[in-house]
Amino acid sequence: MDKTDMEKTLENRDLMERFSFASRFGLPRTIIAGFVLLLFVMAPIVGADLTMQVGNVINRFSWNAVLVLAMVPMIHSGSSLNFGIPLGIIAGLLGGTLAIQLGATGPVSFFIAILLATPFALLLGGGYGWLLNRIKGGEMMIATYVGLASIAFMCMMWLLLPYTSPTMVWGLSGKGLRTTISLDGFYGGALANFLQIPIDPANGLYFPTGAILFFALLALGMWAFLHTKTGTAMTAVGSNPLFARASGINVDKMRLLSVIMSTWLGAVGILVYQQGFGFMQLYMAPNNMTLPTVAAILIGGAAVNKATIPHVIIGTILYQSVVTLTPTVMTAMIHMDVSEVVRIIISNGMIVYALTRKVKGGSR
């Protein structure tokens with residue numbers, strides 16, 4: 001082989017490796033990653049503070065990462081994308097409101113809220129998992145109805161439940177919970193303020209070390225669980241339920257366990273979100289968390305029966321970068337806020353993309 005042929009061979013090999021990487025990473029994620037990179041480049045050009053934008057992305061990642069992590073167990077068991085995540089969020093809201101009602105204050109109230117939310121998450125997750133086992137094949141449609149119905153039901157209950165804390169109830173009537181409840185003095189910043197590192201103190205930007213470490217701990221726990229005998233059985237159920245059943249695995253039990261785990265992580269996730277955001281939002285607010293959470297895990301590269309921790313991290317960073325940077329850059333360029341339009345296109349587009357690949361979900 002002469003020098004020219006050798007050069008052509010190396011060039012072809014180079015080209016094949018690039019196409020192989022693009023195929024593994026995925027065209028949608030490549031486009032979104034390129035768009036995010038463009039936004040970061042454009043931010044200082046249009047006069048935005050790049051440091052502030054990076055800090056905002058990091059903060060939003062710390063708020064949302066646990067909620068996205070909650071998608072992993074159900075995807076692994078083949079129970080599909082968890083459009084019923086509002087059930088976990090409701091469990092977290094019940095835990096948070098009860099912690100305040102019982103007089104818990106300071107960072108310790110965050111862990112008390114998790115403790116109080118756990119029984120609700122187990123109960124709601126168990127019922128939700130039982131329902132999904134009864135309607136195999138239609139999980140996503142039923143989960144959407146379950147999520148919406150639970151939110152509507154709790155809109156009534158937030159008014160009827162006998163809460164008396166003056167921090168939460170309406171001032172004039174003395175009953176019924178407010179739409180938005182401040183967490184100052186309770187678990188607001190419980191994780192974000194722990195070992196925080198200054199990024200731009202003048203603008204109030206700090207690296208939320210505690211929240212990132214808390215997510216890392218949960219992610220490590222999830223990774224370890226998926227490598228246990230039970231976790232492997234759960235993955236087998238999601239990959240090939242017929243083979244799993246033939247191997248002696250109780251398919252319904254694995255699916256039920258995954259739903260309960262997902263619901264509990266959703267409860268913890270909303271509490272993490274609240275401590276970073278600084279407020280608790282009730283009534284219809286849980287409805288605003290479903291599509292962003294589902295879209296983030298899909299943007300990260302998850303399929304309907306395969307999800308990993310890197311999918312959670314990459315997806316959350318990409319999604320929150322778009323949500324954070326788009327309004328700043330676009331508004332400065334065209335003096336019009338189109339962030340909501342971009343968010344809807346990305347959320348629904350990635351969900352449609354994943355559903356159309358359902359048959360090939362196991363092979364990326």
Side-chain angles (χ1 to χ4, degrees), residues 63-97 117-159 161 177 179 255-274 280-299 302 304 307 312 315-316 319 343-344 346-352 354-355 358:
W63 300 355
N64 292 275
V66 178
L67 281 170
V68 180
L69 182 67
M71 294 283 156
V72 173
M74 282 186 60
I75 292 175
H76 264 267
S77 70
S79 300
S80 195
L81 300 163
N82 188 6
F83 284 91
I85 194 70
L87 285 175
I89 292 174
I90 287 169
L93 292 175
L94 286 168
T97 51
T118 297
F120 294 107
L122 296 179
L123 181 64
L124 294 175
Y128 180 34
W130 174 85
L131 178 62
L132 292 185
N133 279 336
R134 303 279 293 184
I135 44 93
K136 292 185 181 75
E139 291 94 344
M140 275 185 278
M141 181 178 68
I142 297 302
T144 302
Y145 287 121
V146 168
L148 292 173
S150 63
I151 292 171
F153 175 74
M154 287 307 297
C155 283
M156 296 183 289
M157 296 308 295
W158 295 131
L159 292 171
L161 290 172
L177 295 182
T179 305
R255 284 167 56 95
L256 179 63
L257 176 61
S258 73
V259 176
I260 292 174
M261 289 178 63
S262 182
T263 305
W264 182 79
L265 283 171
V268 175
I270 195 60
L271 293 172
V272 173
Y273 181 91
Q274 291 167 0
M280 180 188 300
Q281 294 179 307
L282 305 177
Y283 300 95
M284 293 304 294
N287 193 43
N288 299 326
M289 307 301 294
T290 306
L291 281 183
T293 305
V294 172
I297 192 73
L298 297 178
I299 289 173
V304 291
V312 173
T316 308
Y319 186 86
R343 185 189 68 79
I344 292 173
I346 291 175
S347 299
N348 293 282
M350 287 304 301
I351 290 169
V352 169
L355 299 185
K358 183 174 181 179

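- Considering all non-hydrogen atoms of both residues, A267 and I270 come closest at O-CG2, 3.2 Å.
- Between V294 and V68, the closest side-chain pair of non-hydrogen atoms is not below 4.5 Å.
- With rounding to the nearest 0.5 Å, the separation of CG in L124 from OG1 in T263 is 7.5 Å.
- Counting only residues at least two apart or on different chains, the side-chain hydrogen bond (donor to acceptor under 3.5 Å, both in side chains) pairs with a member in residues 68-78 are H76-T235, S77-S79, S77-S258.
- Using a 4.5 Å heavy-atom cutoff, the side chains of P86 and T290 are in contact.
- C155 and Y283 make their closest contact through O-CE2, 3.4 Å (heavy atoms, listed as atom of the first residue, atom of the second, distance).
- Note: L122 CG to M261 CE = 11.5 Å, rounded to the nearest 0.5 Å.
- A donor-acceptor pair under 3.5 Å is formed between the side chain of R255 and the backbone N or O of L132.
- Residues V72 and L69 meet the side-chain proximity criterion, which asks for heavy atoms closer than 4.5 Å.
- Between M157 atom CE and L93 atom CG the span is 14.0 Å, to the nearest 0.5 Å.
- L282 has its side chain out of reach of T179: every pair of non-hydrogen atoms, C-beta onward, lies at least 4.5 Å apart.
- Atom-to-atom distance recorded for L81:CG and I297:CD1 is 8.5 Å, nearest 0.5 angstrom.
- Using modelled atom types, one finds no donor on one side chain facing an acceptor on the other under 3.5 Å when comparing Y128 with N133.
- In terms of heavy-atom proximity, L256 sits nearest to W130 at CD1-N, 3.8 Å.
- A side-chain donor-acceptor contact under 3.5 Å links S262 and N82.
- Between I151 and M284 there is a side-chain heavy-atom pair separated by less than 4.5 Å.
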(request) Quick one: do I90 and F153 satisfy side-chain contact (heavy atoms from CB on, under 4.5 Å)? Show the steps, please. (result) CA-CA 11 Å; I90 287 169; F153 175 74; over 6 Å; no

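- Summarising the geometry, atom OG1 belonging to T293 is positioned 10.5 Å from atom CZ belonging to F83; distances are rounded to the nearest 0.5 Å.
- Side-chain contact between W158 and L94 is present, with heavy atoms from C-beta onward closer than 4.5 Å.
- Side chains of L159 and L177 form no contact here, defined as non-hydrogen atoms less than 4.5 Å apart.
- When all heavy atoms of A117 and A91 are compared, the closest pair comes out as CB-O, 3.3 Å.
- Taken from CE in M74 to CD1 in I85, the straight-line distance is 8.5 Å, to the nearest 0.5 Å.
- Y273 pairs by the ring pair (Phe, Tyr, Trp, His ring centres under 6.0 Å) definition with W63, F277, not counting sequence neighbours.
- Side chains of L265 and M71 form no contact here, defined as non-hydrogen atoms less than 4.5 Å apart.
- In this structure, I260 and G126 approach most closely via the heavy-atom pair CG1-N, 3.7 Å.
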